[in-house]
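Residue numbers begin at 1 in each chain, while the letters A, B, ... track the order of the sequences. Being a predicted model, the structure only gives us computed values, none of them experimental. When reading the values below, keep in mind they use all heavy atoms of this one structure, side chains included, and skip hydrogens, waters and symmetry mates.
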Protein chains: 2
Amino acid sequence: MDQEPLHRRIAGDIERRIASGEWRPGFRIPTEAELTAEYGCARMTVSRAMSDLAARGLVVRRRRAGTVVAHPPVHSSALVAIPDIQSEVEGRGLAYSHRLLGRIVRPASEDEEGLGGKVVELQTLHLADDLPFVFERRLISLTAAPEAEAADFTTQPPGGWLLAHMPWTEAEHRISAVGADHETAAGLGLADGAPCLRLERRTWRDGQGVTWASQIFPGAAYDLVARFSPTKG
Amino acid sequence: MDQEPLHRRIAGDIERRIASGEWRPGFRIPTEAELTAEYGCARMTVSRAMSDLAARGLVVRRRRAGTVVAHPPVHSSALVAIPDIQSEVEGRGLAYSHRLLGRIVRPASEDEEGLGGKVVELQTLHLADDLPFVFERRLISLTAAPEAEAADFTTQPPGGWLLAHMPWTEAEHRISAVGADHETAAGLGLADGAPCLRLERRTWRDGQGVTWASQIFPGAAYDLVARFSPTKG
DNA sequence: CGCGCATTAATGTCTAGACATAACACTGAG
DNA sequence: CTCAGTGTTATGTCTAGACATTAATGCGCG
């Protein structure tokens, strides 16, 4: 009944004392030598435990000065995960489906320069149990992904196709609230101007724009939710 | 000019090959024995490099089966950081200020049970260069934070006060789009029903509810934005 | 007093082993 | 053919050392 390796137990002991508030930020933790004596093990074992805590940002280590409990970051620290639509729908136990509403190939306009010369423009409606869930407008760069011109987006939604075919190296998300325009409202079955959550997503691969997507969720039906604790990455 | 420790160099070499796409997800990385021979070092050194990569989620290690490049997570993987309002405003080079619009102490209602018996209810308006930026409603549990009854929220906004006085162990965020109700619209200087971004935040300390906050941003004026690359945590 | 230098206490890296453990692969019995 | 046992392989943990690096500290000199 060993189960837990020693270095994990040591790290856990320390973490518990930090989480409980017994050791507040700035508190200087016992040295490796002291912990080595306390646990009766080799220094490397203690060292590994402490390095792990340092890597997770719970403590700060400095030579000669010792190891102190880290001050929690003041900024950010709070996140929301943005799910893949299909996983999200299926995760709620609903049947996922989608309909391709429009598809044209056209030259990129001026403000879409990053996507190169030619793009595919798509309109897709994502449904959960046959009810409209998300209205998506998407541009895919044919410079970055020429295969997209031949891809069949009626069987696979464009997001899933891209995930499989074009890994990205950089992305930008933008979340905002908008009133539904006429086309969106019609697609989602809402009144014009109804509040909706818009998620814009742009991705690049090595500096070349790959895709731009605007996904619009009915405000009443969908929330982005995240639950987390500060110590867990 | 050594600078970089060997284990870091090894991990870096591997990471580069993963990032470049040379080693795709599922690819089986050379074994520790092979890398040990290649770099002419002890196995522990290679092991540490690989453990670090595994801890960061770039590779998956299994006994006997070896180490393979991890498949990027389908869910999450995409995040938005939620900033502290004051930092956000000041980060844009604007002057931050706030006004306490209302403050009462009352018993918690039924659906606020998690907050305990008595709560402080606050309405605060956050301003950027004296223009309305966020309308915030907040409840603070007096069970979890009795000092809140005496705190002066006209000098320090409740979010900042809590950050300093009550560290949380768990939090939940919820982002949604709503139409501005009459009170909110008045505070922000919008028309009733104008689309707004609502950020709800609940925090707990050891299972005891600490606070609930609803922050409403004018849809036209504010987006949550995040830019990132997949390998960086 | 203040400045520079040597001391030394702490972490950082690395080695060459050892044994433990998980899981794939094979083999022989039924 | 199937299944249980067994061997093998790769990772997981741990040790007892060694030397390197950093920076706080104290000390002596001017």
Choosing from D:dT11, C:dC14, D:dC14, which nucleotide comes nearest the side chain of B:Thr31?
D:dT11
With B:Arg8 via side chain to side chain contact (heavy atoms under 4.5 Å, CB included) - residues at least two apart:
B:Glu4, B:Pro5
With axes from five pairs an end, tell me the bend angle of the helix from C:dC1-D:dG30 to C:dG30-D:dC1, nearest 10°.
10°
Going by the rule side chain to side chain contact (heavy atoms under 4.5 Å, CB included), which residues pair with B:Glu34 if we only count those two or more places apart in sequence or in a different chain?
B:Pro30, B:Thr31
Please identify each residue that fulfils salt bridge (charged side-chain N to carboxylate O under 4.0 Å, His left out) with A:Arg43, with sequence neighbours left out.
A:Glu32
Passes salt bridge (Lys or Arg N to Asp or Glu O under 4.0 Å), A:Arg205 versus A:Glu170? Steps please.
CA-CA 6 Å; A:Arg205 174 162 184 81; A:Glu170 209 178 347; over 6 Å; no
Interatomic distance, A:Arg8 CZ vs D:dC14 P [rounded to whole Å]:
9 Å
I'd like to check A:Arg201 versus A:Gln215 (side-chain heavy atoms, cut-off strictly below 4.5 Å). Are they in contact?
no
Quick check on C:dA18: is either OP1 or OP2 less than 4.0 Å from any side-chain nitrogen or oxygen of B:Arg43?
no
Whole-Å distance between D:dT15 P and A:Leu6 CG?
6 Å
Tell me whether the side-chain N/O atoms of B:Thr45 come closer than 4.0 Å to OP1 or OP2 in C:dT15.
yes
Contact check, residues 60-68 of chain A vs DNA chain C, heavy-atom distance under 4.0 Å, returns A:Arg61, A:Arg62, A:Arg63, A:Arg64, A:Gly66, A:Thr67
Quick one: CD on A:Glu147 to CG on A:Leu162, what's the gap to the nearest 0.5 Å?
9.5 Å
Using whole Å, report how far CD1 of A:Ile14 lies from P of C:dT11.
11 Å
Roughly, in whole Å, what's the span from CD in B:Glu4 to P in C:dG12?
16 Å
B:Tyr39 OH to C:dT13 P, in whole Å, measures 17 Å
Which pairs with one or both residues in residues 47-68 of chain A pass ring pair (Phe, Tyr, Trp, His ring centres under 6.0 Å), sequence neighbours excluded?
none
Phosphate OP1/OP2 of C:dG12: any A:Ser47 side-chain N/O under 4.0 Å
no
I need the CD1-P distance between B:Ile10 and C:dG12, as an integer number of Å.
18 Å
Roughly how far apart are B:Leu100 CG and B:Asp152 CG, rounded to 0.5 Å?
8.5 Å
Report yes or no: do B:Thr211 and B:Arg138 form a side-chain donor-acceptor pair below 3.5 Å?
yes
Using whole Å, report how far NE2 of B:His7 lies from C1' of C:dT15.
14 Å
Nearest-Å distance for atom pair CG/P, residues B:Asp52 and D:dG12:
12 Å
